[in-house]
Amino acid sequence: MKNEAIEQKVNKFMATIVAKNPSELEFHQAVREVIESIIPFMEEHPIYYSERILERITEPERVLMFRVPWIDDKGEIQVNRGFRIEMNSAIGPYKGGLRFHPTVNLGILKFLAFEQVFKNSLTTLPMGGGKGGSDFDPKGKSDKEVMRFCQSFMTELCRHIGPDTDVPAGDIGVGGREIGYMFGQYKRIRNEFTGVLTGKGRLWGGSLIRPEATGYGNVYFAQEMLKTRGESFKGKVVTVSGSGNVAQYTVEKVNEFGGKCVTLSDSEGFIYDAKGIDAEKLKFVMYLKNEKRGRIKEYADKFGCDYFPNERPWGIKCDVALPSATQNEINGEEAKILVKNGCYCVSEGANMPSTPEAVEVYIKNKILFGPGKAANAGGVATSGLEMSQNSLRLSWTREEVDARLHQIMKDIHETCKKYGTKEDGYINYVDGANVGGFVKVANSMIDQGAV
Ligand code: NDP
Ligand code: 2IT
C-alpha cells in the first residue's frame, strides 16, 4: 500500500483517539507512534482489522482514579489524586510502575500504560501492561510525610491489585523508600505477604539487580546496536540526562564498558564534566540524589565542572546519547544538534524522551535509535524475574539475574531486528519494537475472544 493511503488510515484512526480522549496529548503521541508502525503491518495481516485490535488495544481495560488524603507535618490535611491504569491483561497480570510527580495526569499515565503493554510483551515474560501514580510531589517532604502519603495511597489501591492481578513498581519519584511504605501497608490491610510489588528491599523479597536493571539494560541494548556497526562503548563519549535511578546505573555500566559519561541533569539544569563521571563521583551522585535528595548543581560545586541552569545536555558533543530523565526531553532541534555533532546512537532509558520530530531526525539520518519500549525494558523484565523468584520462594544470585537480564536485552534486540530491518539493511528499531511487541498481545487477544 502507498504511503499516502497509510497516512490517511493513521490520521483517520487518530481522529477517533483524539475525539475520545481530548487533551491527553502524550497519549495521542504514543498511540500515533505505534500505529504508524502497526497499520502497514496490518495491511498484510487483515485479521487484526476484523478483530478490531486497534480499537481494543487503545482502550484501557480499566481506569481507577481516587482521592488520596493525608496529614502533613503541620497536622494539616492535604489531598492528592491517585490513579491506576489497567491497560491490557492479554498475556499476564497488569504490570508497570507508579509515578509520583506534580505533572502526573490521566493522559501521561495512559501514554505510559500503553507503552508498557508493548514493552512487557517484548521482554518475553508473561506480563500485561499497566501504570499508575499520583500528582504528589515527594520533593521537600519529610520521610514521615512520604510515609503517610504512601499509606493512604495504598489503602485505596490495595483492593485493586494482587500478585496475580496487578503488580506495581517504581518510576519517577518512586524508589525503594516508597515501595517499602506501600508494601508495609498492603501487607497490613490484606494480611498476606506476597509479591504484590516489585523493586522491594533485598531483605523482604526484592530481587538482586532490580535497582540496576533499567540502566544496565539500556547499556546492554545500546551495546547490541553498536555491535551491528562493529562498534563498542570503549572510548566513546556519552551524554546522559537525569540523575535518578536509571541515569545512575547507566553511568555505572558505561564506565564498566570503557565509555566516558560527561553529563547528568535534573529538572533545574545539567552538569558537564569533560573528565568523565568516574566511580568516585558516581558514588557522590548516589548519595546526593538518594540520601541527601539535593540538586545536581552540587556536583559542579564539589568537582569544579560546568553547570548550565535551565538547560538540557544535548548541545554537548558526544558519540552516544542516553536520555534517562523524562518524556519529550529531546526536541527536533536538539536532535539535529546531536547528529550534527557526530552522535550516531541514541538509546532511550526514559519513556518517550524524544519528540516525534526528534525521532524523524534520527531515522532520516539513519543513526542507531533504540526507542524506550525496547531499550529500557530491562527494568520491568527484572521485575518479572522478581515475580518469578517470589512465586518460587527462592532468590537467585546477582550473577544469575544479571545473566538473564543481559540475555533478555539481546533477545529484544533480535526481535527488533526481525521486524524492523528495511530493504537497505537499516534497522528501524521503532517499527521493530512496535510490531514485535504487538504480535504477541494481538494474537493472545484474538485467542481469548472479544473481551
Ligand atoms: P527518578 O525519580 O529516580 O529520577 C528522575 C530523574 O529525571 C531526576 O533526575 C529528575 O530530576 C529528572 N526529571 C524528572 N522529571 C523531570 C522533568 N519534568 N524535567 C526534567 N527532569 C526531570 O526516576 P527514574 O530514574 O526511575 O526514571 C527516569 C525515566 O526512566 C522515566 O522516564 C521513567 O519512566 C523511565 N523508566 C524507569 C524505569 C525504572 O525502573 N525506574 C524503568 C523504565 C523506564 P528532579 O530530581 O529535578 O525531579
Ligand atoms: O517504565 C517502566 O518500565 C517502569 N517504570 C518499570 C515497571 C516495572 O514494573 O518494573
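Reckoned from all heavy atoms, side chains included, excluding hydrogens, waters and symmetry mates. Counting starts at 1 for both ligands and their atoms, following the listed order.
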Q. For atom 6 (C) of ligand 2, which candidate among K373, R210, K131 holds the nearest heavy atom?
A. R210

Q | Near-ring test F284/F303, centroid separation under 6.0 angstrom | A | yes

Q: Select all protein residues for which some heavy-atom-to-ligand 1 distance is less than 4.0 Å, and list them by chain and number.
A: R99, H101, K119, K139, D171, I172, G173, R210, T214, G242, S243, G244, N245, V246, S265, D266, S267, K289, R295, S324, A325, T326, G349, A350, N351, N376

Q) So does D411 pair up with K418, basic N to acidic O under 4.0 Å? A) no

**Q.** Y216 and Y220 aromatic ring geometry - parallel, tilted or perpendicular at 30°/60° bounds
**A.** perpendicular

Q: Quickly, which of Q248, R398, K253 forms a side chain to side chain donor-acceptor pair (under 3.5 Å) with E212? Name it, please.
A: R398

Q. What are the atoms of ligand 2, with element, lying closer than 4.0 Å to any heavy atom of G96?
A. 7 (C), 9 (O)

(Q) On a heavy-atom basis, I'd like to know which of K95, K119, E386, M127 is closest to atom 3 (O) of ligand 2. (A) K119

Q. Under 6.0 Å between the ring centres of F136 and F153?
A. no

Q. Would you say the side-chain atoms of T250 and N218 include a donor-acceptor pair closer than 3.5 Å?
A. no

**Q.** Salt-bridge contact K417-E224 (side-chain N to carboxylate O under 4.0 Å)
**A.** no

(Q) My understanding is that only residues two or more places apart in sequence, or in another chain, count here; which of them pass side-chain contact (heavy atoms from CB on, under 4.5 Å) with D319? (A) K236, V237, Y344

Q.
Counting only heavy atoms closer than 4.0 Å, does ligand 2 sit against the backbone of L112, its side chain, both, or neither?
A. neither

Q) G170 near ligand 2, heavy-atom distance under 4.0 Å? A) yes

